[in-house]
Amino acid sequence: MSILVYLEHAEGKVKKTSLEAVSFANALAAQTGEGDVVAVALGTIGSAELVAVGKAGASKVLHADDPRLTDGVIQAHATAVSQAFSSVGAKTLVMAKSSLGDAVAARLSIKLNAGLVSNVVELPNTSGGYVVKRSIYTGKAFAETTISTENKILAVKKNAVDLKTDGGEASVEKLAVTLSESDFASKITNTERATGEILLPEADIVVSGGRGLKGPENWGMIEELAKTLGAATGCSKPVSDLGWRPHHEHVGQTGVKVAPSLYIAVGISGAIQHLAGVNSSKCIVVINKDPEAPFFRAADYGIVGDAFEVVPKLTAALKEEL
Amino acid sequence: MKILVCITHVPDTTSKIQFTANNTKFDSTGVQFIIGPYDDYALARAVELRDQTGGTLTAINVGEAETEPTLRKSLAIGADDAIRVNSFPKDSFFVAKQIAHYAKEGGYDLILMGRESIDFNGGMVHGMVGELLGMPSFSPVMKLEVDGKTVKMAREIEGGKEMLEAQLPLIAGCQEPIAEWKIPNMRGIMSARTKPLKVVEPISDETQTEVSSYQLPPAKGSVKLVDKDNVAELVKLLKNEAKVL
Ligand SMILES: Cc1cc2nc3c(=O)[nH]c(=O)nc-3n(C[C@H](O)[C@H](O)[C@H](O)COP(=O)(O)OP(=O)(O)OC[C@H]3O[C@@H](n4cnc5c(N)ncnc54)[C@H](O)[C@@H]3O)c2cc1C
Ligand SMILES: Nc1ncnc2c1ncn2[C@@H]1O[C@H](COP(=O)(O)O)[C@@H](O)[C@H]1O
């Protein structure tokens, strides 16, 4: 028996969130004695990249290298993963919570008759039943959730476990999957992805700007700060509504939920809907000229001051220190 | 075209979340309930499509009697009729089973949902219903155009979006900027009172998961302020105290 992990990749690289899912599965297998961790990768990707998945704790990677699977075609991915699940005789599937992962997981839960818990924040409690802690109410609470089915799917939130990096090499095996025409009934006609940048939902450090920055022309200093830190950039909802920044950078209740180690908010008031997207951050720094801004109540560190003065100084201080 | 839109009845986004009965029940004291914000996007787009192509728009909710004002609001915004499956929404699987059953019965061409409910944030019901009905499902969808049987969509992915093409019937979990939220007008509110709202019973009791207890996150300590003229101090704190650099 093995635990199966669904790997996602983009631009030839396995996503870091997927490696976290492998680490999670590795720790889970050690806890439950469910054997080893087998990962499944779909579509075109180099085998060196798959061998390296071993570092995170997988002993084997099954590779269904049908090029039609390189794009995340939801139905086809669900079919392929369900075949991988049967072929390794798994009872548990682990994956990272993501745009594609969620869509695939939901279909798989029906295909495999597997209870699905999403937004998992830590290893399940398996002494007795099978109780999984997940984040609910957009990070404002947690629910201890019991899965009653024999097969189980866990969609893991970022930072649920530490990334394991000291594993060995994974063996890579080809996996033959049977896909039908109906699996490809929908077509991805084009993909637009910010290339070379650090992706917001996966970033370890995020620098976000709000309406306090006055206009898109002032984002240079935010980008400079982000570059210095190796961070992704985010924004508040009005900023993307106004078209100052692209929609996929909007953080909050109705946008991206981030869970970085460090979140720096510049000129954002800290409305409850914004906080809902950042409350899983380990450390929050707020820069705002208004000492009464609600964000300070959710922050670990703060500077009361004008962003146009403080941000360049912070960037300079960081350049000196790092 | 026959459109079904799935509506959740959830605490307003500004609600303070609390639990009672030894942390086993949501405490609704003083909480205002709304149409889920993502469901509101789905509803707004559904109204536009119905107005554009003709046909009907049905709203469905799986919930107890207390959710009816929320369903009535969907009628006021523009749904033609509504179905309430009379049961507490036990888990996503249970909800998906109900929706799949009544969706099949109604023979809808397009089923729109929110990308996720803002109470349990599963983001799963659309995919589950899709698999149960053998229909393709897409989420999170930020643009959706219907041209005959062909549907063109934009789906958000990490750091960007992908353009998709598929055929009706299909299911989409919606998010902005698919449409602008619609506010009910006086005529809508008046007519909503007399539009049909059918109450039906759940078709099965089956669940896959159950919540045993709830928890609130630990309280946050107070913020440590650093003087704006001593920014280097912040860098030191982040490095040595918070250890995040
Ligand atoms: C259903 C619903 C969902 C929502 N979802 C989201 C969401 O997902 N994400 C989100 O962000 N919002 C969301 N909102 C909107 C939210 O309520 C707030 O309106 C929004 O977050 C405010 O954005 P802001 O802080 O950038 O702007 P503002 O509220 O205008 O705040 C600007 C801040 O900048 C500060 N400032 C001004 N000038 C300077 C300066 N020179 N230097 C430093 N600081 C300065 C001000 O003191 C102020 O605190 C939602 C609202 C609703 C109703
Ligand atoms: N109880 C419910 N009644 C009707 N629709 C629901 C219900 N729960 C979830 N949905 C729909 O499914 C979407 C995704 O919900 P979830 O999987 O819970 O995040 C929601 O945005 C709704 O459109």
Side-chain angles (χ1 to χ4, degrees), chain A residues 74-75 98-99 102-103 106-107 109-111 115-119 131 136-138 140-149 185-194 197 199-202 247-248 253-254 261-262 272-273 282-283 296 298-305 310 313-314 317-318 321, chain B residues 13-14 17 37-38 92-93 118-128 130-132 136-140 142 155-167 175-177 207-217 220 223-226 228 231-232 234-235 237-239 242 244-245:
Chain A
I74 294 164
Q75 276 179 284
S98 75
S99 159
D102 286 350
R107 298 195 74 103
S109 91
I110 301 297
K111 278 191 199 292
L116 163 59
V117 177
S118 186
N119 279 312
V131 186
I136 56 169
Y137 290 102
T138 326
K140 290 185 216 163
F142 299 101
E144 299 281 1
T145 307
T146 302
I147 306 183
S148 54
T149 49
S186 66
K187 284 193 177 48
I188 296 171
T189 51
N190 189 24
T191 303
E192 288 170 22
R193 199 194 303 266
E197 286 175 38
L199 297 181
L200 180 59
E202 296 161 12
H247 180 265
H248 66 254
Q253 176 109 46
T254 49
S261 305
L262 175 60
I272 193 158
Q273 295 95 353
K282 269 193 207 141
C283 176
F296 284 119
D300 299 283
Y301 301 98
I303 295 182
V304 178
V310 174
K313 275 194 197 162
L314 179 58
L318 281 163
E321 189 74 30
Chain B
T13 54
T14 58
I17 303 301
Y38 296 111
S92 310
F93 175 73
I118 64 158
D119 46 7
F120 287 112
N121 310 109
M124 336 202 282
V125 169
H126 21 75
M128 288 178 171
E131 191 63 34
L132 287 166
S137 53
F138 307 90
S139 179
M142 47 203 299
R155 191 176 82 86
E156 185 161 88
I157 56 175
E158 281 75 21
K161 57 184 169 189
E162 68 190 16
M163 311 304 155
L164 289 152
E165 232 179 86
Q167 303 296 310
Q175 72 166 36
E176 67 170 9
T207 60
Q208 292 182 330
T209 61
E210 188 189 5
V211 174
S212 43
S213 73
Y214 297 101
Q215 285 167 25
L216 293 174
K220 191 105 188 163
V223 58
K224 206 176 242 186
L225 289 178
V226 175
K228 69 176 166 47
V231 174
L234 176 64
V235 176
L237 287 168
L238 292 177
K239 203 168 166 187
V244 289
L245 291 184

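All values reported here derive from a predicted model rather than from experimental measurement. Computation of the quantities below employed the complete heavy-atom set of this structure, encompassing side-chain atoms and omitting hydrogens, waters and symmetry-equivalent molecules. Naming convention: chains lettered A, B, ... in sequence-line order (proteins, then strands); numbering from 1 in each chain.
- Side-chain contact of A/His247 with B/Glu176: a donor-acceptor pair under 3.5 Å is present, judged by distance alone.
- Across A/Lys140 and B/Pro217, no two heavy atoms sit closer than the pair O-CD, 3.2 Å.
- Shortest non-hydrogen contact noted between A/Gly115 and B/Gln208 is CA-OE1, 3.5 Å.
- In this structure a side-chain-to-backbone donor-acceptor pair under 3.5 Å is present from A/Thr189 to B/Met163.
- Looking only at distances, no side-chain donor or acceptor of B/Glu131 sits under 3.5 Å from a matching main-chain atom of A/Ala106.
- For A/Glu144, the CD atom counts as densely surrounded, since its 6.0 Å shell holds more than 12 non-hydrogen atoms of other residues, nucleotides or ligands.
- For A/Ile303, the parts sitting under 4.5 Å from any heavy atom of chain B are the backbone and the side chain alike.
- Of the residues A/Ile136, A/Val131, A/Thr146, A/Thr145, the one that meets the side chain to side chain contact (heavy atoms under 4.5 Å, CB included) test with B/Val211 is A/Thr145.
- Nearest approach of B/Ser139 to A/Ala103, heavy atoms of both residues: O-CB, 4.3 Å.
- Here the side chain of B/Asn121 pairs no donor or acceptor atom with the backbone of A/Asn119 at under 3.5 angstrom.
- Under 3.5 Å, the side chains of B/Thr13 and A/Gln273 contain a donor-acceptor pair of N or O atoms.
- Contact of B/Ile157 with chain A is made through backbone and side chain together, with heavy-atom distances under 4.5 Å.
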